[in-house]
4 protein chains.
Amino acid sequence: MRKKNQEKKENIKQAVIKLILEAGFHGASIAKIAREAGVSPATVYIYYASKDDMLREIYEEYADQVYFYILGKIDQNMSGRSLIDTLVRSYYRYINEEERVFHFVEQFSSCPSLSANCRETEGCFRIFQFFDDLKEKGILKDIDNVIVHSILFNTVKCIRLRYEGEQDKTQAALEQLIELLVETLLL
Amino acid sequence: MRKKNQEKKENIKQAVIKLILEAGFHGASIAKIAREAGVSPATVYIYYASKDDMLREIYEEYADQVYFYILGKIDQNMSGRSLIDTLVRSYYRYINEEERVFHFVEQFSSCPSLSANCRETEGCFRIFQFFDDLKEKGILKDIDNVIVHSILFNTVKCIRLRYEGEQDKTQAALEQLIELLVETLLL
Amino acid sequence: MRKKNQEKKENIKQAVIKLILEAGFHGASIAKIAREAGVSPATVYIYYASKDDMLREIYEEYADQVYFYILGKIDQNMSGRSLIDTLVRSYYRYINEEERVFHFVEQFSSCPSLSANCRETEGCFRIFQFFDDLKEKGILKDIDNVIVHSILFNTVKCIRLRYEGEQDKTQAALEQLIELLVETLLL
Amino acid sequence: MRKKNQEKKENIKQAVIKLILEAGFHGASIAKIAREAGVSPATVYIYYASKDDMLREIYEEYADQVYFYILGKIDQNMSGRSLIDTLVRSYYRYINEEERVFHFVEQFSSCPSLSANCRETEGCFRIFQFFDDLKEKGILKDIDNVIVHSILFNTVKCIRLRYEGEQDKTQAALEQLIELLVETLLL
DNA sequence: CATGAATGAGCGTTCATTCAT
DNA sequence: TATGAATGAACGCTCATTCAT
């Protein structure tokens, strides 16, 4: 017998992410995904039970990634300002480096009929824990994690989307944002 | 007959919004939309050139709505604090009152392959103008509008989605948010 | 709007019967049926809700036909012998004249997973009533209708299938059968 | 190892029969058969050249079985009445005992596109020979074997199918049938 | 011998759209 | 204007079969 070829599965994942980025969920049919991945449509069903399962599994795999990426950049001894700076800039860097994955996750999570059945992500839990630690250490003000999270990351996301390609504007906005967050969030 | 026509078109719009809320874009086929709206599939093509056109047109009509709603609640003589309070609470109220429209717009705008071809919305332009006015009047700090917008509204949206149904938590978070924004945004 | 074209529906029915006769249920796919009927696959679904529905509906339409055909040949004043002769020979004639329909019905009814959901046929009810009448009139012995039915018709069917094409053998067997049934069934 | 092979082949056969009984030919794909039999799809092709071959081979193996079963119940010294009684009742018993096999054979043989290529069964030949013997011995009337066969067995089959589960009706019908056949078939 | 992976072709069905009235 | 009929293309998925081990 042949071993399951994990390269094939990876090709399928990348094909899904690429096609959804280019043409939305609507443009990512099994046939197109298979063609892009260089496999037969039937092969997709060796690795995933259904298209929904496939999308969910891929989503759950990547939904966390950004948070682990960010937390990996954090150093225990960082000052408050450094922390804010790192959180903001590494989030921004992640969007740039993993653009396709980022957009896939965004689209997926904004579609209730898709993400409804997905388990709450581990990564989000971790970042909230991280916020709680900072509060205990007297670095972060006692603000609802949902607010902290949105102010930190959604804002970066908006800047990145609005000023796409405009390096100067983006950098200026990020710097202003960091300054603002330092004053707002830190004790 | 002018009346009847517009009634049919309105039925189609509402059908689109309802179906997309219930089942996502995937669940909103022309046939289903027509059935829901009580018209023939062919009738849809009297009012819209294609499905893409239809979605775009409906999106562009509603994408603005939230901003006009909010701006309608603003009074010229409000203090800075009142302004923040009103902006936050009326945005929250809009989500509740126009849940279906809100979700439709959200889903649509998070899908690049759909919203890419849509014109920049009038409403967003107006709210940015409004921010500029406040800055001129010395009420608002000189912060990038993209940041102001995101901090004000995305945060409310996140609170609303996270604490869905939990009235107490939602209200507490909104109050904390207002307090935080007053300090952060106002001069 | 266009009127539903009953000719198309008839073409579909005939295509189903033809294909199933030639290649069994296995060989009668929607695509082949549509091609044979000169319509688009999608058109089939205008006339039938699903393939199962289609087969069932066509079956229910034709399952009765043989009985109405036979009963149409019966005359009230016939003697017992004439009745047997007519029943046997008209059943045989029906198989020959409506060979395709006959085989379709046979195949369908012998497949439990298909015919399980079909309503008991009107035609079979009528023929049983006819047997009851003959018993009341003192023409037919008091034998279970299921037995009468099987002895009369299944036997003809077996003769026809076994001696296919062999006219002499078939006719001889039918005559012998009639003689035998006259003695066995009549008072 | 000879033993193991045959065990696998037997598992496959039983799986085919089970699945066809439960869901018809349509529900018996190679994948499902293999799963049910506890082997790999590829293994099926070690024992059979193709799916059609497999079905035909299994059919040919079991098509005879009922006749050998019946003939095994016959005793040389039986009276005419005993013979009829035994033939009818053992056919009925076979249907009950080997329900799955019986239905498989029934379905298969009623589908011309499947059974067309099957060789005439040995078992049927034997039973016809048996009838011929009885005629020579002056027990059975000189009636066409096709007629004898149908009257004897198809009738039992119809009774069994019609009165499924209704023990009293079934037994009464069988007794009436035996009485009728004694008069009709015996000299 | 036996396997699970792999496949192109085909399945039943629905799609967005157009046709004829 | 408005319709239900009609369609070719595409959908997600399963098929019988073969491949590589």
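Every chain is numbered from 1, with letters handed out A, B, ... down the list of sequences. Model, not experiment: these values are computed from the prediction.
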Salt bridge (Lys or Arg N to Asp or Glu O under 4.0 Å) for B/Glu22 and B/Lys32? Distances and angles first, verdict last. CA-CA 12 Å; B/Glu22 286 172 2; B/Lys32 287 177 189 166; over 6 Å; no
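With DNA chain F read from its 5' end, the first of the two nearest nucleotides for B/Pro41 and B/His26 is the one closest to B/Pro41. For the pair C/Ala42 and D/Val44, both in contact range of DNA chain E, the more 5′-proximal nearest nucleotide belongs to D/Val44.
For the pair A/Ile30 CD1 and E/dT7 P, the interatomic distance rounds to 14 Å; values are reported in whole Å. Distance, C/Lys9 NZ to F/dA6 P: 12 Å, rounded to whole Å. A/Ile46 has its CD1 atom 16 Å from the P atom of F/dT18, to the nearest Å. With rounding to whole Å, C/Tyr45 atom OH is found 17 Å from F/dC11 atom P. Look at CZ on A/Arg35: it is 13 Å from P on E/dA9, rounded to the nearest Å. Going from atom NZ of C/Lys8 over to atom C1' of E/dA20 covers 11 Å, rounded to whole Å. For the pair A/Ile12 CD1 and F/dC13 P, the interatomic distance rounds to 13 Å; values are reported in whole Å. One can place CD1 of A/Ile33 at 12 Å from C1' of F/dC11, the figure rounded to the nearest angstrom.
Here the options are A/Tyr59, A/Phe102, A/Tyr62, the test is ring-ring contact (aromatic ring centres under 6.0 Å, His included), and the partner is A/Phe108; only A/Tyr59 passes.
Using Watson-Crick or G-U wobble geometry with both donor-acceptor distances under 3.5 Å, F/dT14 finds its partner in E/dA9. Pair check for E/dA20 finds F/dT3; Watson-Crick or G-U wobble, both atom distances under 3.5 Å.
Comparing F/dC13, F/dA2, E/dA5 by their nearest atom to the side chain of A/Lys51 picks out F/dC13.
When only modelled atom types and interatomic distance are considered, A/Glu10 and A/Gln6 share no side-chain donor-acceptor pair under 3.5 Å.
At a threshold of 4.0 angstrom between heavy atoms, the contacts of A/Val39 are confined to the sugar-phosphate backbone, with no base atom among them. Across all strands, C/Ser29 comes closer than 4.0 Å only to sugar-phosphate atoms, never to a base (heavy-atom distances).
With hydrogens and angles disregarded, a donor-acceptor distance shorter than 3.5 Å links the side chain of C/Tyr47 to the backbone of C/Asn5. Looking at A/Tyr48, its side chain never comes within 3.5 Å of a backbone N or O of A/Leu55 through a donor-acceptor pair.
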